[in-house]
Protein chains: 2
Amino acid sequence: MINRDKISDKTIGRLSQYRRFLNLLHENKVKNVFSYQIANSAGVTSPQVRRDVMLLGYNGNPAKGYNVEALMECLAHYLDTPGGEGVVLVGFGNLGRALISYFSKQRPNLSIVAVFDNDPALIGRVIHGVRCCSMEDFASVAQQNNVRVGILAVPADQAQLTADLMVAAGINGILNFALTTLQVPPHVYVERVDITTSVEKVVFFARKIRQERTLP
Amino acid sequence: MINRDKISDKTIGRLSQYRRFLNLLHENKVKNVFSYQIANSAGVTSPQVRRDVMLLGYNGNPAKGYNVEALMECLAHYLDTPGGEGVVLVGFGNLGRALISYFSKQRPNLSIVAVFDNDPALIGRVIHGVRCCSMEDFASVAQQNNVRVGILAVPADQAQLTADLMVAAGINGILNFALTTLQVPPHVYVERVDITTSVEKVVFFARKIRQERTLP
DNA sequence: ATGTTATTGTGAAAAAAATAACAGCGTTAA
DNA sequence: TTAACGCTGTTATTTTTTTCACAATAACAT
Ligand SMILES: NC(=O)c1ccc[n+]([C@@H]2O[C@H](COP(=O)([O-])OP(=O)(O)OC[C@H]3O[C@@H](n4cnc5c(N)ncnc54)[C@H](O)[C@@H]3O)[C@@H](O)[C@H]2O)c1
Ligand SMILES: NC(=O)c1ccc[n+]([C@@H]2O[C@H](COP(=O)([O-])OP(=O)(O)OC[C@H]3O[C@@H](n4cnc5c(N)ncnc54)[C@H](O)[C@@H]3O)[C@@H](O)[C@H]2O)c1
């Protein structure tokens, strides 16, 4: 029924976005929603939404649109790990702490189960109920909790080293905030968040728009 | 010579990445670099790099590759605003503070010139030499410093409101960290950083890889 | 001088992604 | 009961993005 093989990176990103809107609708007791409404909320087109939903194998109703609850359930079944996915975070610095606070506000299907740092001064500290552990305990904690996904928030020059540790501990998904392209084996998926690049993109296009408006 | 019209979002992102590697090479006094080396550092293919560089109008040398300094200069001329671009940040919370620390370590061509918050308890506080100002001063500070780009790090329910303020103050590029799709006029470019979606992507593909490895 | 080598620059081909188009279908209201 | 409506599901088309492939070429050794 579901062909997970053919799904792309981008589609998954959009599905995750649609879900946020559905959550909102559900909280407001809205029962049904049309593709164009979802599209609007995510800044995409309605055929795009229908196409994406099609991949899930979920069918809407031509008169009522999609059933909010049913679609949410379908998305959860598709995107989420049954029983929830525990994530570890390495790097208890400025960004690490912000992320802990952020995740503590999210739904519990995604939760940070442990935080690690190699600075002795930080080990043992607790933020939002999460205690910072020593890197020495990384492999054992990760394996005990069956952790598969790690967030990397250490300085760039420590990132590869840390990623190697993660991979050795059985992690096969990394969200990398450090300014490095990690070298990992093919069975590890890496997603990179590069804020400098994001800002440079905004600067570029903002300037471009400005120039187009002043002299055409 | 340069056709800025045809350039895509993705290309700009890659150019920004290439630049990071070039900076590194330059610091290490490396004079020349081949497309495949740049490609390697950014996790893309070498034809991709050559194609992207082609758009800049810069020409390499078949025997020596690209001249590091010349290419850097070309990139700077293309991506950067002459005289540097000042950026403002709204939201002096966990994420805002992490961002200030992050930008204080970056090259000075991109700098945060002012930070704003609406919490009276935060106004006047200084971090990394940047003082938190009241939202009331937003328009005047932004206009005095000729700011065109803003970073949005306020709670989701305040994001649209804040974006409207930014747009009214003449900003036409926004980096949005809040979990909302902003409604802005067409002359404003918005780039969104959505960490929940990023994590969900990693979780999904990590799980997919796992499943493919255990039962193929 | 000249051959050899490895890389660039770029048109052509392929792949991927987005958009358009429309038949088919519940629902609703006459 | 039936016609009108507006949406979905899906195929076809278009557009965008990436990769391939190779002629052209600068450097260097001989
Ligand atoms: N601060 C931001 O907003 C921001 C944004 C995007 C990306 N980043 C990137 O995220 C990373 C962390 O940023 P930050 O601002 O939190 O830096 P930070 O210096 O505040 O924190 C880094 C933390 O990593 C720890 N660390 C260093 N080496 C380690 C190792 N080998 N193993 C385990 N822990 C180690 C340090 O003890 C420190 O606590 C950097 O690569 C930075 O470029 C930061
Ligand atoms: N913390 C993270 O790592 C992280 C990561 C990604 C995205 N985000 C998003 O970024 C935003 C901020 O996150 P945070 O963790 O810093 O939250 P936070 O609650 O720590 O900080 C929010 C700050 O915004 C200020 N604020 C609220 N309303 C305002 C208004 N109308 N005008 C000006 N300032 C206002 C608050 O006073 C507070 O200082 C949220 O939308 C969050 O979802 C956070």
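Chain naming here is simple, since letters A, B, ... match the order of the sequence lines and numbering starts at 1 in each.
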Checklist entry - Out of A:N40, A:V49, A:V44, A:D52, which one pairs with A:S35 under the side chain to side chain contact (heavy atoms under 4.5 Å, CB included) rule? => result A:V49

Checklist entry - Over how many whole Å does the gap from A:Y18 atom OH to D:dT8 atom P extend? => result 13 Å

Checklist entry - If you look at every strand shown and take non-hydrogen atoms under 4.0 Å, does B:S35 touch a base, only sugar-phosphate, or nothing? => result sugar-phosphate

Checklist entry - Counting just side-chain N and O atoms, does B:Q48 come under 4.0 Å of either OP1 or OP2 of D:dT17? => result no

Checklist entry - Considering only side-chain heavy atoms of A:Y66, which listed nucleotide, D:dA27, D:dG9, D:dG6, is closest? => result D:dG9

Checklist outcome for this item: Side-chain contact check for A:K10: nearest option of C:dA17, D:dT25, C:dT27 is C:dA17

Next on the checklist: If you only use heavy atoms from C-beta on, which nucleotide in C:dG26, C:dG9, C:dT19 is closest to the side chain of A:R51?
Outcome noted: C:dT19

Item to check | Integer-rounded Å distance: D:dT18 P and B:D52 CG | outcome: 8 Å

Checklist entry - OP1, OP2 of C:dT19 versus side-chain N and O of A:T45: anything below 4.0 Å? => result yes

Checklist entry - Between A:R192 and B:Q17, is any pair of side-chain heavy atoms under 4.5 Å apart? => result yes

Checklist entry - Atom NZ of B:K31 to atom P of D:dA27: distance rounded to whole Å? => result 16 Å

Next on the checklist: Rounded to the nearest 0.5 Å, what separates atom NZ in A:K105 from atom NE2 in A:H128?
Outcome noted: 6.5 Å

Checklist outcome for this item: Out of C:dA18, D:dG9, D:dT18, minimum distance to the side chain of A:R50 belongs to D:dG9

Checklist entry - Does A:R207 come within less than 4.0 Å of B:E85, counting only side-chain N to carboxylate O? => result no

Next on the checklist: Rounding to an integer number of Å, can you tell me how far A:N32 CG sits from C:dT28 P?
Outcome noted: 10 Å

Checklist entry - Taking only N and O in the side chain of A:N59, is any of them less than 4.0 Å away from OP1 or OP2 of D:dG9? => result yes

Checklist entry - Which residue, A:P47 or A:A63, contacts DNA chain C at a nucleotide closer to its 5' end, judged by nearest heavy atom? => result A:P47

Next on the checklist: Tell me whether the side-chain N/O atoms of A:N61 come closer than 4.0 Å to OP1 or OP2 in D:dC7.
Outcome noted: no

Item to check | Euclidean distance, atom CD1 of residue A:I12 to atom P of C:dA17 [Å, nearest integer] | outcome: 12 Å

Item to check | Nucleotide of D:dT25, D:dT11, D:dC7 approaching A:M54 most closely (side-chain heavy atoms) | outcome: D:dT11

Item to check | Interatomic distance, A:Y36 OH vs D:dG9 P [rounded to whole Å] | outcome: 15 Å

Item to check | Contact check, side chains of A:F138 and A:V147, non-hydrogen atoms, under 4.5 Å | outcome: no

Item to check | Rounded interatomic separation in angstrom, taking CG from A:L15 and P from C:dA17 | outcome: 14 Å

Item to check | For atom CG of A:D9 and atom P of C:dA16, their distance in whole Å | outcome: 13 Å

